[in-house]
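Input: a single structure, listed below in structure tokens.
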Amino acid sequence: MPVTTIADREIHVDDDGFLTEFDEWDEGLAATLASNIGIGELTEDHWKVITFLRSDFKENGETPTLRRVSTVGEIATKSLFQLFPKKPARKMSYVAGLQKPKGCI
Amino acid sequence: MKRLIILGAGTAGTMAANKLREQLDDDWEITIVDQDETHYYQPGYLFIPFGSYAPSDVTKTKREFIPRGVNYVSATIAKLDPEADSVTLDNGTELGYDYLVIATGTHPTPSETPGLDSPEYGKTVHDFYTFEGAVALRDALATFESGRFVINLIEMPIKCPVAPLEFAFLAEAYFTEHGKRDNVEIVYVTPLDAAFTKPVAARHLGSMFEDRNIELVPDFYLERVDAENRKLISYDEREVDYDLLVTVPVNMGATFVQEAGLGDEMNHVNVDHYTFLSTDYDNIFALGDAANLPTSKAGSVAHFAMDVFVPNFINYVQGLPMRERFDGHANCYIETGYNKAMLIDFNYTTEPLPGKYPIPGIGPFSLLKETEANHWGKLMFKWMYWNMLLRGKNIPVPSHMMMAGKERGAS
């Protein structure tokens with residue numbers, strides 16, 4: 001796995017830049033990750049999504065889908081598209097320091 | 001007398017009934033419940049639209065595969081009460097159990113998507129994940145001469161997650177072989193960021209869409225279908241026009257699972273990923289597509305899982321520890337058209353890698369590579385399914401994934 005330096009720290013990432021180590025993430029890093037993909041400021045609504053993603057991943061070992069964020073996390077899919085434009089599933093997992101959503105191949 | 005009920009006589013439920021009847025002694029009463037008398041060979045649906053399988057190739061009666069000494073009950077499951085250890089059928093019958101196995105699968109559910117379940121379903125909108133759908137699509141393809149042919153994977157997870165890719169490749173070959181390819185635009189619309197999302201597979205296969213001139217629309221989350229104007233509309237207001245839509249609807253587990261409080265947001269049963277024991281009740285297991293395992297929903301997974309589940313269950317009911325742990329092993333052929341196919345072999349932690357299977361260095365099957373041998377392997381599998389797999393006979397391939405034969409460190 002490649003190692004990169006983000007916010008003066010060494011971070012393990014995959015080929016697409018997604019964090020591979022759950023514990024290397026913290027709230028300060030999230031701001032840097034967000035600005036890397038053009039999200040200026042993380043609002044309360046962003047944090048609601050990130051917090052849900054992190055706690056759900058910790059419990060289940062999997063990055064939750066948009067449907068899971070909407071039905072279990074009670075955050076409407078439409079609003080995920082406003083918070084993380086165009087590619088919410090990818091962007092929200094990137095900022096939350098989780099694996100990107102993927103198929104089996 | 002101990003009572004075991006298996007809900008669902010599909011691939012997983014039938015295998016479990018065969019293997020457990022053999023292993024459990026006569027003071028166990030085993031009952032299997034299913035609402036449908038017909039067993040469908042689901043991997044065969046893919047071939048029906050292109051005329052390479054007849055509908056009769058994929059159906060047999062379920063009872064044929066249920067062993068002597070197992071009660072077969074033909075009924076719809078109305079309710080599961082896990083607190084009372086009881087299953088209620090639609091005819092009002094209540095069945096009590098000591099142990100329960102849920103193997104009711106997952107099902108394409110068009111009604112989950114606004115506008116999809118319209119009068120156009122079966123006309124300009126089709127699927128190939130149901131028997132009726134595959135047959136109707138065969139007729140639609142025969143008369144489709146030109147226009148935009150759109151394949152839309154709506155949402156993961158789905159059963160047989162490689163089937164939409166296979167369908168795209170087979171459709172491309174079909175239109176070419178029927179002299180229509182120049183007049184048909186093939187478009188593949190997916191919520192994922194690429195056709196191949198795992199790094200090694202992406203590097204090996206990334207150009208397959210381009211080589212076949214299949215247009216890819218990634219990151220497309222379908223919000224609704226405008227069936228009247230033949231448009232897919234995403235949550236971020238993008239539109240994809242179609243003349244003929246082949247949809248892969250949202251897959252949902254059985255409603256009774258949700259009502260009993262055992263399911264996740266897709267009604268798949270929450271289970272321990274290594275033993276299939278329900279995370280909520282200590283006398284309920286879920287097998288096959290019905291379980292929310294983080295691996296592919298596929299017959300091969302149900303098959304490999306059985307070698308873990310059966311010895312574990314025998315121990316468990318005697319109060320002994322479950323010693324076997326499932327590794328998420330899946331093994332899937334991917335038809336690529338023109339009598340060729342690929343094969344992938346992976347588990348919870350190892351992504352599909354190139355190499356040979358099942359004999360390291362020899363094969364006869366090649367991983368992550370298109371070959372004719374792979375295609376014949378897929379066709380041969382139908383015989384194995386009906387004659388060996390369902391009846392619980394051992395197929396001589398290891399149930400845990402092996403690294404031998406795979407190219408380590410492949411990139």
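Note on naming: letters A, B, ... go to the chains in the order of the sequence lines (proteins, then strands), and numbering restarts at 1 for each one.
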Can you tell which part of [X] gets under 4.5 Å to a heavy atom of chain A, answering side chain, backbone, both or neither?
{"X": "Pro352(B)", "answer": "side chain"}
{"X": "Phe196(B)", "answer": "both"}
{"X": "Ile158(B)", "answer": "neither"}
{"X": "Leu153(B)", "answer": "neither"}

Enter the distance from [X]:[atom1] to [Y]:[atom2] here, rounded to the nearest 0.5 Å.
{"X": "Asp193(B)", "Y": "Lys87(A)", "atom1": "CG", "atom2": "NZ", "value": "7.0 Å"}
{"X": "Thr65(A)", "Y": "Glu265(B)", "atom1": "OG1", "atom2": "CD", "value": "5.0 Å"}
{"X": "Asn60(A)", "Y": "His273(B)", "atom1": "CG", "atom2": "NE2", "value": "7.0 Å"}
{"X": "Asp236(B)", "Y": "Leu80(A)", "atom1": "CG", "atom2": "CG", "value": "12.0 Å"}

Can you find a pair of side-chain heavy atoms, one from [X] and one from [Y], that are under 4.5 Å apart?
{"X": "Arg67(A)", "Y": "Val250(B)", "answer": "yes"}
{"X": "Arg90(A)", "Y": "Asp219(B)", "answer": "yes"}
{"X": "Asp15(A)", "Y": "Arg203(B)", "answer": "yes"}

Response to the item:
The interface call for Arg68(A) against chain B, heavy-atom contacts under 4.5 Å, is both
Practice prompt. Could you look at Leu66(A) and say if it's the side chain, the backbone, both or neither that has a heavy atom under 4.5 Å from chain B?
Written response: side chain
Within a 6.0 Å radius of atom [atom1] on [X], are there more than 12 heavy atoms belonging to other residues, nucleotides or ligands?
{"X": "Phe57(A)", "atom1": "CZ", "value": "yes"}
{"X": "Lys78(A)", "atom1": "NZ", "value": "yes"}
{"X": "Arg9(A)", "atom1": "CZ", "value": "yes"}
{"X": "Glu21(A)", "atom1": "CD", "value": "yes"}

Worksheet entry | Tyr221(B) and Phe81(A) aromatic ring geometry - parallel, tilted or perpendicular at 30°/60° bounds | perpendicular
Worksheet entry | Option that, when pairs with chain A are counted at under 4.5 Å, heavy atom only, ranks first among Glu351(B), Glu223(B), Arg238(B) | Glu223(B)
